[in-house]
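Below is one structure, written out as structure tokens; the observations come after it.
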Amino acid sequence: MKMSKLFVETLRDFPSDAEVVSHKMLVRAGFIRKLTNGVYTYLPLMWRVLKKVEKIIREEMDASGAQELLMPIIQPEELWKESGRWDVYGKELMRFKDRHDRMLALGPTHEEVITWVAREGIRSYRQLPVNLYQIQNKYRDEIRPRFGLLRGREFIMKDAYSFDASQEGLEKSYEIMAQTYTRIFKRCGLETRMVRSDSGAIGGSLSHEFMVLVETDSGENDVLYCENCDYASNTNHAKTEMLPAVTNGGYTKFELVSTPNIKTIEQLSEFLKIEPSVICKSIVYIVDENPVLIMIRGDQNLEETKLKNVLRANELRIASALEIKEYLGVEAGFVGLKHVKCKVIADYSVKDLKNFVIGANKADVHYIGANWGIDFDLPELFDVRLSQKGEACPICGKPLKITQGIEVGNIFQLGTKYSEKMNAKFSDVDGVEKPFIMGCYGIGVSRTAAAAVEKFHDEFGIKWPKQIAPYEIIIIPVNVLDELQMKVANELYEKFQNAGIEVLLDDRDERAGVKFKDADLIGIPVRITIGKTIKEGLVEFKLRMSGNMEKVEPEKAYKLTLDYLNSDSV
RNA sequence: CGGGAUGUAGCGCAGUUUGGUAGCGCACAACGUUCGGGACGUUGGGGCCGCAGGUUCAAAUCCUGUCAUCCCGACCA
């Protein structure tokens with residue numbers, strides 16, 4: 001492709017409405033253009049990248065034995081009623097009416113449709129296992145789309161669904177997908193961590209996320225990971241031991257103390273001259289319209305996703321001071337267990353507290369010297385605590401680190417959640433009809449490409465991994481009016497084209513600086529510059545990723561390029 | 001949905017306080033000079049100043065409403 005013909009416009013400035021690196025870079029380098037909030041046009045360069053990611057996915061999915069199909073984006077209400085998600089999925093599901101007032105939705109995911117496909121098409125265990133996948137646009141009406149391609153309302157996703165006759169079969173399918181995913185991301189030039197996570201709205205028992213760990217502030221997930229071993233977990237699912245802390249308040253007597261206007265743990269700890277870890281913290285949440293009191297140790301924080309799961313809640317939010325007053329009849333800041341009227345649960349962190357401090361359910365006073373079983377009954381215990389960095393790795397015991405992660409893929413063991421509700425069954429070997437044991441497996445295609453930009457860039461632009469770069473090499477004749485330069489450039493260009501290499505020739509009559517800036521910004525992995533030194537028979541061979549450069553003969557540059565593109569390095 | 005901010009040319013911005021013919025840089029077109037890290041000069045094209053009302057002789061500017069975008073939170077995976 002000749003640069004003079006390429007449909008692209010690079011910008012001198014970053015767009016002002018972009019926040020994260022990948023968004024800024026992709027807009028500035030002319031890869032994407034926003035049509036409306038969370039909805040983007042993939043311009044030719046971007047589309048090439050996406051097609052490459054898709055190609056890798058297809059090759060690996062096909063190799064794993066999965067089969068590609070394409071389901072409709074438009075889905076009828078009835079199917080979602082069958083699964084029960086029409087009411088549960090919420091506003092994120094984009095719904096609309098057709099001219100006959102029939103309700104339809106744009107698919108945010110395809111469990112319902114694929115279950116229908118299986119129900120229609122699979123009769124016998126002899127047809128199992130089967131894994132079906134598709135690559136298409138998905139629609140989710142996010143409350144707050146942001147971060148460019150990392151969180152759009154319309155995005156490209158590969159979703160696969162496995163059907164097995166048994167749990168053992170599902171586990172095997174799941175394992176195959178886990179391995180396939182690791183290979184897919186590796187081929188895209190991305191190292192991923194397989195992270196245990198919460199199953200969220202999709203449901204099911206076991207799930208893992210594939211995370212690209214990034215230093216930039218662009219992941220939406222906090223990931224605890226171990227540098228010593230493979231352990232990694234989304235903080236919403238981490239199970240770690242707390243660091244040692246003082247849990248005995250040392251009080252000898254259970255009594256009320258005056259704590260005027262002391263409302264936070266920090267203030268209370270300072271006022272009483274005690275560690276926050278001997279305070280039993282009370283947090284009130286409104287859970288599906290009802291108040292719930294959660295007790296947790298003062299130095300610990302609540303993890304809402306865990307809370308949502310243990311309460312089997314659809315919706316929860318922290319209660320306002322007004323609501324606390326209304327439901328519990330006490331000022332926020334002094335809530336405790338005394339005569340409390342709503343549902344109460346506690347985090348495991350409070351279990352070992354002795355002679356501790358707790359709110360008295362009365363303004364301006366707290367209890368000190370409280371003990372479980374004597375002064376208060378220990379509420380039912382759950383794990384609703386947010387794990388913190390520095391806590392020990394559950395596998396090897398080393399302190400965990402925390403970083404941001406971009407979730408590029410996830411895999412779920414769904415079990416019979418959908419097949420049972422939607423009556424999707426097969427005849428098993430014993431002649432009995434049984435619901436399919438299902439798994440589902442997603443990859444954010446557009447997000448994967450954006451994650452690569454988050455991971456690989458510098459101040460000058462994108463550094464595409466060569467496997468997914470829009471073009472593999474760019475040839476820059478410094479001066480297009482120089483006959484010798486152009487002759488060598490054209491010869492190399494044709495040679496690469498004949499070898500099936502995706503090559504750009506910057507034949508624009510621009511100054512060298514402009515061409516270099518554009519090449520860096522767009523992020524083409526290999527650059528061959530043909531300038532003055534061509535008189536001595538030398539061109540410049542430069543790698544975008546490493547910045548390595550050498551002056552060599554054109555023939556050598558050609559060979560170096562092929563070697564690099566065929567090598568394992570990114 | 002709560003809090004904050006911003007809407008002026010494709011992109012980045014000034015002008016709004018104090019109402020008086022809409023500007024700058026980049027990009028685009030033409031010509032000339034220049035030519036290895038975003039050149040320079042001259043000329044030119046491009047705007048319903050987000051939208052709708054209102055005040056006024058006169059509104060980008062003041063008032064009301066509305067829509068959109070961005071940030072923080074809530075939410076979501």
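Letters A, B, ... are given to chains in the order of the sequence lines, protein chains preceding strands, and every chain is numbered from 1.
Under the 3.5 Å distance criterion, the side-chain polar atoms of A:Tyr181 are left unmatched by any main-chain donor or acceptor of A:Thr192. Judged by distance alone, with hydrogens and angles left aside, the side-chain atoms of A:Arg48 form no donor-acceptor pair with the main-chain N or O of A:Ala469 at under 3.5 Å. Proximity of a side-chain donor or acceptor of A:Arg28 to a complementary backbone N or O of A:Arg12 within less than 3.5 Å is detected.
Taking atom CD1 of A:Ile143 as the reference point, atom C1' of B:C75 lies 3 Å away to the nearest angstrom. Whole-Å rounding puts the A:Asp17 CG to B:C13 C1' distance at 14 Å. Rounded to whole Å, the distance from CD on A:Glu111 to C1' on B:A77 is 13 Å. Atom-to-atom, CZ of A:Arg511 to C1' of B:G36 comes out at 10 Å; the value is rounded to the nearest Å. Summarising the geometry, the separation between CD1 on A:Ile32 and P on B:G10 is reported as 19 Å, rounded to the nearest angstrom. With rounding to whole Å, A:Ile476 atom CD1 is found 19 Å from B:C35 atom P. In this structure, CZ of A:Phe155 is placed 11 Å from P of B:A77, rounded to the nearest angstrom. If you measure from atom CD of A:Glu540 to atom C1' of B:G37, you get 11 Å, rounded to the nearest angstrom.
A gap of 43 Å separates the P atoms of B:A74 and B:A27, to the nearest Å. Rounded to a whole angstrom, the distance from the P atom of B:G46 to that of B:G10 is 13 Å. Comparing B:C40 with B:G19, their C1' atoms sit 39 Å apart, to the nearest whole Å. Rounded to a whole angstrom, the distance from the P atom of B:U17 to that of B:C11 is 26 Å. When the P atom is used for both B:C57 and B:G12, the distance is 39 Å, rounded to whole Å. Nucleotides B:G50 and B:A5, compared at atom C1', are 16 Å apart to the nearest Å. B:A9 and B:G15 are spaced 15 Å apart, taking the C1' atom of each and rounding to whole Å. Rounded to the nearest Å, the gap between the C1' atom of B:C62 and that of B:U18 is 11 Å.
Using a 4.0 Å heavy-atom criterion, one finds that A:Glu9 contacts the sugar-phosphate atoms exclusively. Residue A:Glu92 is classed as a sugar-phosphate contact, given heavy-atom separations below 4.0 Å to backbone atoms only. A:Asp509 comes within 4.0 angstrom of no nucleic acid atom, judged by non-hydrogen atoms across all strands. Residue contacts for A:Lys91: at a heavy-atom cut-off of 4.0 Å it reaches no nucleic acid atom on any strand shown. Using a 4.0 Å heavy-atom distance criterion, A:Glu304 is classed as a sugar-phosphate-only contact. Across all strands, A:Phe14 comes closer than 4.0 Å only to sugar-phosphate atoms, never to a base (heavy-atom distances).
Residue-to-nucleotide contacts include no donor-acceptor pair under 3.5 Å from the side chain of A:Asn479 to the base of B:G36. Contact of A:Arg527 with B:G37 (side chain to base): a donor-acceptor pair of N or O atoms is detected under 3.5 Å. For a distance-only test at 3.5 Å, the side chain of A:Arg146 fails to qualify as a donor-acceptor partner of the base of B:G73. Taking 3.5 Å as the limit, the base of B:C76 and the side chain of A:Arg151 contain a donor-acceptor pair of atoms between them.
Between A:Lys495 and A:Glu555 a salt bridge is recorded (basic side-chain N to carboxylate O distance below 4.0 Å). The pair A:Glu111-A:Arg85 counts as a salt bridge, with a side-chain nitrogen and a carboxylate oxygen less than 4.0 angstrom apart.
Shown here is A:Phe96, whose CZ atom has more than 12 heavy atoms of other residues, nucleotides or ligands within 6.0 Å.
Pairing for B:U55 is absent, judged as Watson-Crick or G-U wobble with the two contacts each under 3.5 Å. With a cut-off of 3.5 Å on both pairing distances, B:G45 has no Watson-Crick or G-U wobble partner at all. Judged by Watson-Crick or G-U wobble contacts below 3.5 Å, the nucleotide B:U18 has no partner. Across all strands shown, B:U33 pairs with B:A39; the Watson-Crick or G-U wobble distances both stay below 3.5 Å. With a cut-off of 3.5 Å on both Watson-Crick or G-U wobble distances, the partner of B:G2 is given as B:C72. Across all strands shown, B:C26 forms a Watson-Crick or G-U wobble pair, both distances under 3.5 Å, with B:G10.
When the side-chain nitrogen and oxygen atoms of A:Lys532 are compared with OP1 and OP2 of B:G36, one or more of them lie within a distance under 4.0 Å. At least one side-chain nitrogen or oxygen of A:Lys34 sits closer than 4.0 Å to the OP1 or OP2 atom of B:C70. Note on A:Arg12: every side-chain N or O is 4.0 Å or more away from OP1 and OP2 of B:G12. Put simply, A:Thr36 has no side-chain N or O that comes within less than 4.0 Å of OP1 or OP2 on B:A68.
Just one of A:Arg153, A:Lys34, A:His23, A:Arg33 meets the side chain to side chain donor-acceptor pair (under 3.5 Å) condition when paired with A:Tyr40; it is A:His23.
The residue among A:Thr529 and A:Glu142 whose nearest nucleotide of RNA chain B lies closer to the 5′ end is A:Thr529. Checking A:Lys308 against A:Glu510, the closest nucleotide of RNA chain B that is more toward the 5' end is the one next to A:Glu510.
Residues A:Asn290 and A:Cys342 are not in side-chain contact: their nearest non-hydrogen atoms beyond the backbone lie 4.5 Å or more apart.
Comparing B:A77, B:C13, B:U69 by their closest approach to the side chain of A:Asn37 singles out B:U69. Of all nucleotides listed (B:G37, B:G12, B:G38), B:G12 comes nearest to the side chain of A:Pro15. Comparing atom distances between the A:Thr533 side chain and each of B:G38, B:G36, B:C11 picks out B:G36 as nearest. When the nucleotides B:G12, B:A77, B:A39 are ranked by their closest atom to the side chain of A:Asp13, B:G12 comes out on top.
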- [ ] Show the numbers, then the answer: is there a ring pair (Phe, Tyr, Trp, His ring centres under 6.0 Å) between A:Phe31 and A:Trp464?
- [x] CA-CA 12 Å; A:Phe31 282 71; A:Trp464 288 110; 5.5 Å; yes
